[in-house]
Amino acid sequence: MNKSFFPALMVTVGIAMCASSNFGQEKNSATFDEDGTAHLTRVIRPSATVSPEAQKWLDSLQKNVSHDSTLEERRKRTDEWRVRQSAVAKKLFPVNIEEQTIGGVRCDVITPLETPAANKNRVLINLHGGGFNSDSGSLIEGDPIANLAKIKVVSVYYRLTPENPFPAAVDDVVAVYKELLKTYKPKNMGIFGTSAGAILTAEAAVRFKQLGLPLPGALGIFSGTGDFSRAGDSLLLYTLSGLPGDLPVIDPGRPAPNEYYGKADPKDPVLSPLFADLKGMPPALLVTSTRDILLSGTTMLHRAMLAAGDDADLVVFEALPHAFWYHFEFPETTECLNIMAKYFDRKLGR
């Protein structure tokens, strides 16, 4: 997810991460301006509620904060990391991968090494993360779910911004979905994504409903948001790495200029499903964590779905930042991926 695509911070936050045992000399503080702007200092020691592997990763984030200055640099760095991590994903979660064009859109079709007979009529559509302007996770997201759920995954390479602003990506998902509807019953189809892909998952479902298409059997919204018009608290408190990194200060009540949606209304019901009629949406699993930049966005969308009477589950992990399940080295990721895979196995075809 590209932080620049979202409203940032009106709260000034100073975080002191310290392993010292000298508690008496350290103080938390909060002061407030007349307009309610808060200036906070918090002493936050290494988490005692996550695995040792996750603690090691959280510590490493303090030393490896990216400072890309151009889109080209971001894409280059993201592509290099994606290639490396995709190789790890395929080694840990063996699958078959075949590039195909579906509905005029380039896709990777990811199939389990063995597909149970009961799953041959099921398919999942994956929408990768990457801030809408790069691909940070296509195979990283698709391989584990295909392997664990034993269900075919179609990973969609939707068009990216700024070259192709909203609704280009939504249109690509609609094209792939329409083509797959020729082969699969909608109740046997699911859509999931992380970060930008999570946002796009909700957007596409709203668009399907507008177009009168039959809705899929399940959605997976893994760290997303349904509102581009305002910044929730987590966007004001966290970076993509959670606590480390630069955090700009802006007005959370106003939408920031955004290459993804360009001149579109930030309250457009497809762009921001929080403003759509969500009644009758497919069952949805929403996943986030307590240091996720999109914690607020994910939980507010969950509440909106519940208010509309939808079947929506929310799982919030502890102390980990945005899209932590891209990293396979700690048990929380194993737990999370199994929750995702089992959800689709339980919901599709029901």
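When a residue number appears, it is its place in the shown sequence, counting from 1. Side-chain atoms are counted along with the backbone in the values below, which use heavy atoms only and exclude waters and symmetry mates. Fair warning: this is a prediction, and the values are worked out from it, not measured in the lab.
- Inter-residue side-chain proximity for K178 and V174 is flagged as met; some heavy-atom pair is nearer than 4.5 Å.
- Atom CZ of R346 is surrounded by more than 12 heavy atoms from other residues, nucleotides or ligands within 6.0 Å.
- Side-chain atoms of D59 and Q62 include a donor-acceptor pair closer than 3.5 Å.
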> After noting the C-alpha distance and the side-chain angles of R230 and L274, does the key distance pass the side chain to side chain contact (heavy atoms under 4.5 Å, CB included) rule?
Replying inline: CA-CA 11 Å; R230 298 164 294 180; L274 208 68; 3.6 Å; yes
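- Comment: D345 does not engage K150 in a salt bridge, judged by the lack of any side-chain N to carboxylate O separation of less than 4.0 angstrom.
- Using modelled atom types, no side-chain atom of S229 and backbone atom of P266 make a donor-acceptor pair closer than 3.5 Å.
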>> Between S195 and H322, does the side chain to side chain donor-acceptor pair (under 3.5 Å) criterion hold? Intermediate values first, please.
In response: CA-CA 8 Å; S195 193; H322 188 65; 2.7 Å; yes
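- Summarising the geometry of D310 relative to L278, their closest heavy-atom pair is OD2-O, 2.6 Å, with the distance given to 0.1 Å.
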>> Does F93 form a side chain to side chain contact (heavy atoms under 4.5 Å, CB included) with L337? I'd like the steps, not just the answer.
In response: CA-CA 11 Å; F93 304 96; L337 292 172; 3.9 Å; yes
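- Screening L160, T70, D135 against R75 for a side chain to side chain contact (heavy atoms under 4.5 Å, CB included) leaves a single residue, L160.
- Screening V287, T288, T290 against F317 for a side chain to side chain contact (heavy atoms under 4.5 Å, CB included) leaves a single residue, V287.
- F208 and Y177 have parallel rings, their planes meeting at less than 30° on a 0 to 90° scale where 60° marks the start of perpendicular.
- The main-chain N or O of V109 is never found under 3.5 Å from a side-chain atom of Q100 such that the two would form a donor-acceptor pair.
- For the side chain to side chain contact (heavy atoms under 4.5 Å, CB included) test with F192, the passing option among L219, L285, L127, V153 is V153; the others fail.
- Between L240 and P321 the shortest side-chain heavy-atom distance does not fall below 4.5 Å.
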>> Is there a salt bridge (charged side-chain N to carboxylate O under 4.0 Å, His left out) between R77 and E73? Walk through the geometry before answering.
In response: CA-CA 6 Å; R77 178 182 58 84; E73 289 173 349; over 6 Å; no
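- When the side chains of ILVMFWY residues are joined at heavy-atom separations under 4.5 Å, either directly or via intervening members, L113 and I97 end up in two distinct hydrophobic clusters.
- Results of the side chain to side chain contact (heavy atoms under 4.5 Å, CB included) test with V88 over R84, K91, Q85 single out Q85 as the only residue that passes.
- Side-chain N/O atoms of T239 and S241 include no donor and acceptor closer than 3.5 Å.
- For the 3.5 Å distance criterion, the side chains of Y157 and D108 qualify, holding a donor opposite an acceptor.
- Between the side chain of R42 and the backbone N or O of S29, at least one donor-acceptor pair lies under 3.5 Å.
- Residue E80 qualifies as enclosed at atom CD: its count of foreign heavy atoms under 6.0 Å is above 12.
- Side-chain polar atoms of E332 and S51 form a donor-acceptor pair below 3.5 angstrom.
- In summary, the side chains of D227 and T225 do not present any donor paired with an acceptor at a separation below 3.5 Å, with no hydrogens or angles considered.
- Taking the side chain as every heavy atom from C-beta outward, F324 and L58 never approach each other to under 4.5 Å.
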